[in-house]
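Below: the structure, in C-alpha cells.
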Protein chains: 2
Amino acid sequence: MPPTNPPMNSSTAGEKAAGDKPRLSRDLVLSTALALVDEEGLDALTMRRLGQELGRDPMSLYRYAANRAALLDGVTELVLKELSIFPDRPDWQAQLRQIAHDLRLLALRHPNVVPLLVTRPLSTPLGLRPLGTLRPLEQILSLLIDAGFAPADALHVYRAYYGFLYGHILNELQEFIVDPDENEALLRLGLHRLPAKEFPRLRALGPVLADYDGAAELDQGISILLTGLAAPLIHEKTTPGTAAR
Amino acid sequence: MPPTNPPMNSSTAGEKAAGDKPRLSRDLVLSTALALVDEEGLDALTMRRLGQELGRDPMSLYRYAANRAALLDGVTELVLKELSIFPDRPDWQAQLRQIAHDLRLLALRHPNVVPLLVTRPLSTPLGLRPLGTLRPLEQILSLLIDAGFAPADALHVYRAYYGFLYGHILNELQEFIVDPDENEALLRLGLHRLPAKEFPRLRALGPVLADYDGAAELDQGISILLTGLAAPLIHEKTTPGTAAR
DNA sequence: GCGTAAAGTCTACATCGTAGACAGTTTCTA
DNA sequence: TAGAAACTGTCTACGATGTAGACTTTACGC
C-alpha cells in the first residue's frame, strides 16, 4: 500500500490514472470539478464523469457534496476564492476599480463558471448561500463603510457597483462567443444571417463589435459610475424613507 | 370529431383536459411552456411534462422545437416579445429610462425566465440567437443613433446601459428570494446563519436589506449613468483607437 | 377520392442523479 | 495492543430525462 498522503491540496494529483489513488477531499473534488468545467463546459460536469476523472466511483462524491447542486455551489465558491480584496487600502475608488478588473479577469479565466456565478444566487436566499460567495459582499461593504459611507448608503453604492460589474461581465462574455477561424467581422459574429432590413444598425456595426476592448469599456463604465456616485448619493435622498428606518 | 380549430393563438385553450385536443402550434407550445415555467420553475419544463400539459405525446413537441435548448430559446424570445420599444419618441434619455423600468417589470413578472435571459446568450454567438432576442438591441441602437450618436458611440452607450440594467435586475432578483412567512429581517433573509464575527456588516444591514425599493434603486442608477454618459463619452475618447477604426 | 405531406404516436435506448446496503480503512479509546 | 467506532469508497438498482427512428393517423390540394 502506498502512503496515501493526507488531505493534500490539489496540486498535480494523478487524475484519470487508474493505478494511484490519492485520498479524496473536498478540495480535490471541487478543484477537479472546476478543471473539468473550465475545459469542457458545465454540461460535462456530471457525477459519473467527475468520478471517472478522479478514478473513483461516482457515489463517493456524495461524501463531499450533498448533491449536484451543492457541487455547483462548491465550484462557485472555489472560483470566488480567487478574488482577493484588501479592505485596508487608502482610496476606495481606486479599490473598487481594482476589484472590478480583478473580477473581470477572473470571469475571463473561467467563462464557463459565470452562468453559475450569476444564476445560483437566484435560487438561494441570501443567508443560505455558501459563505465564500458572501465574503466579497461583506468586504466591499466594509471597505465602503470604512471610507466614510453610512451603512445604508454603502449598500446602495454596492448595489449600483456590483450590478454594473456583473452586467458588464455578462455583456463582454456574450460578445466573446465567436468563431475564431473566421476573420471577416460579419461572418465571425454570424451577423450575415440577420435579415438586412430588420437589423441594419447591428449589421453595420459588425467591425466595431468585432474588436471589443473589454478592459477599457469596463474602466470607462466604472468612471462614470464613480463620478456619479461620489457626489449626489450621500447627501440627498431621492427616495425618502428607503434608508431611514 | 370536434372541429379542431386551426392554428389559433394561446387564449384559454384547454390544457390538460383529455377530451378536446386543439391543434398544436409553435405559439401554443411556447406559451404553455412559459406558463409552466412561470408557475413551477425551469426544472419543471421537461418534454414529458410539457407534453402532458398539452395532452399530447412528448415527441410531438419536436415538430415545433428542434430540442430542449431550442425550446428554452423560444421561451426567452416569447418573453422578450412582451417588451415594446417605441423608437420614435422625442427624448432618448426618457426612453432609456422607460425601457429600463419596462424590462424590470418584465423580469419581475417572469423571474424564473431571467436565468435564461441572462445565460442563453452566453452559449450562442450573436448572429445565431433567436431574432426576437436581438430586436431590443437593434431598436436601442436605432434610438441612440437617431438621437445623434455616432454608431460606434451608440454601441458604447448601449453596452453601459444594458449592462447596468441586467446587473440591476440580477441584483434585485437575488435579494427577492426570501421566506415571506418570516418578518424578522435577520431571519427572513436567513442572515442569522452567518457567523457574526465574519459578517458583521451584512448582519447589521438586515433591516435595510429587507425593504428594497427596486424601482427607486434602478431609477437612481439610470440617472447616474445618464448624467455620466451624456457629457464626456461623446467628445473625448478615453481609450484612443477603440471606436476609431 | 386519392395521393402526398404534415402532425402526432409508439417503442426503445443511453445517460443522468441518487437512495440504500455493504465492505474496507482509518482513527480513537481503554 | 485490541477492539470499537467512525469514516471512505463501492456496488447494485431505480426512476426520470432527452431524443432517434419507424410507424399511424389526419389534413388538404387536385
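Numbered from 1 within each chain, the chains take letters A, B, ... in sequence-line order. Remember, it's a predicted structure, so these values are computed and weren't measured experimentally.
Among residues two or more places apart in sequence or in another chain, the ring pair (Phe, Tyr, Trp, His ring centres under 6.0 Å) test is passed with F164(A) by none. Every residue meeting the ring pair (Phe, Tyr, Trp, His ring centres under 6.0 Å) condition with Y158(B), not counting sequence neighbours, appears here in chain and number order: Y162(B). Under the rule for a side chain to side chain contact (heavy atoms under 4.5 Å, CB included), the partners of D57(A) that lie at least two apart in sequence or sit in another chain are M59(A). Take D102(B) and apply the side-chain hydrogen bond (donor to acceptor under 3.5 Å, both in side chains) test, not counting sequence neighbours, and it matches Q98(B).
Regarding L28(B), its CG atom lies at a distance of 14 Å from the C1' atom of dG8(C), rounded to whole Å.
For the side chain to side chain contact (heavy atoms under 4.5 Å, CB included) with L50(B), the lone residue among T32(B), L30(B), V37(B) that qualifies is T32(B).
Minimum heavy-atom separation, Y62(A) to A66(A): CD2-O, 3.4 Å. Heavy-atom minimum distance, R129(B) versus T124(B): NE-O, 3.0 Å.
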Give every pair of a protein N or O atom and an N or O atom of nucleotides 5-9 of chain D that lie under 3.5 Å apart, one pair per line with the distance.
residue : atom : partner : partner atom : Å
dG9(D)  : OP1  : L24(A)  : N            : 3.2
dG9(D)  : OP2  : Y64(A)  : OH           : 2.5
dG9(D)  : N7   : R63(A)  : NE           : 2.9
dG9(D)  : N7   : R63(A)  : NH2          : 3.1
dG9(D)  : O6   : R63(A)  : NH2          : 2.2

Strictly under 3.5 Å: I want the nitrogen or oxygen pairs between protein and nucleotides 16-19 of chain D, one per line.
residue : atom : partner : partner atom : Å
dG18(D) : OP2  : M47(B)  : N            : 3.0
dG18(D) : N7   : R48(B)  : NH1          : 2.5
dG18(D) : O6   : R48(B)  : NH2          : 3.1
dT19(D) : OP2  : Y62(B)  : OH           : 3.0
dT19(D) : OP2  : R68(B)  : N            : 2.9
dT19(D) : O5'  : Y62(B)  : OH           : 3.4

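In this structure, E198(B) pairs ionically with R135(A), as a charged nitrogen and a carboxylate oxygen lie closer than 4.0 Å.
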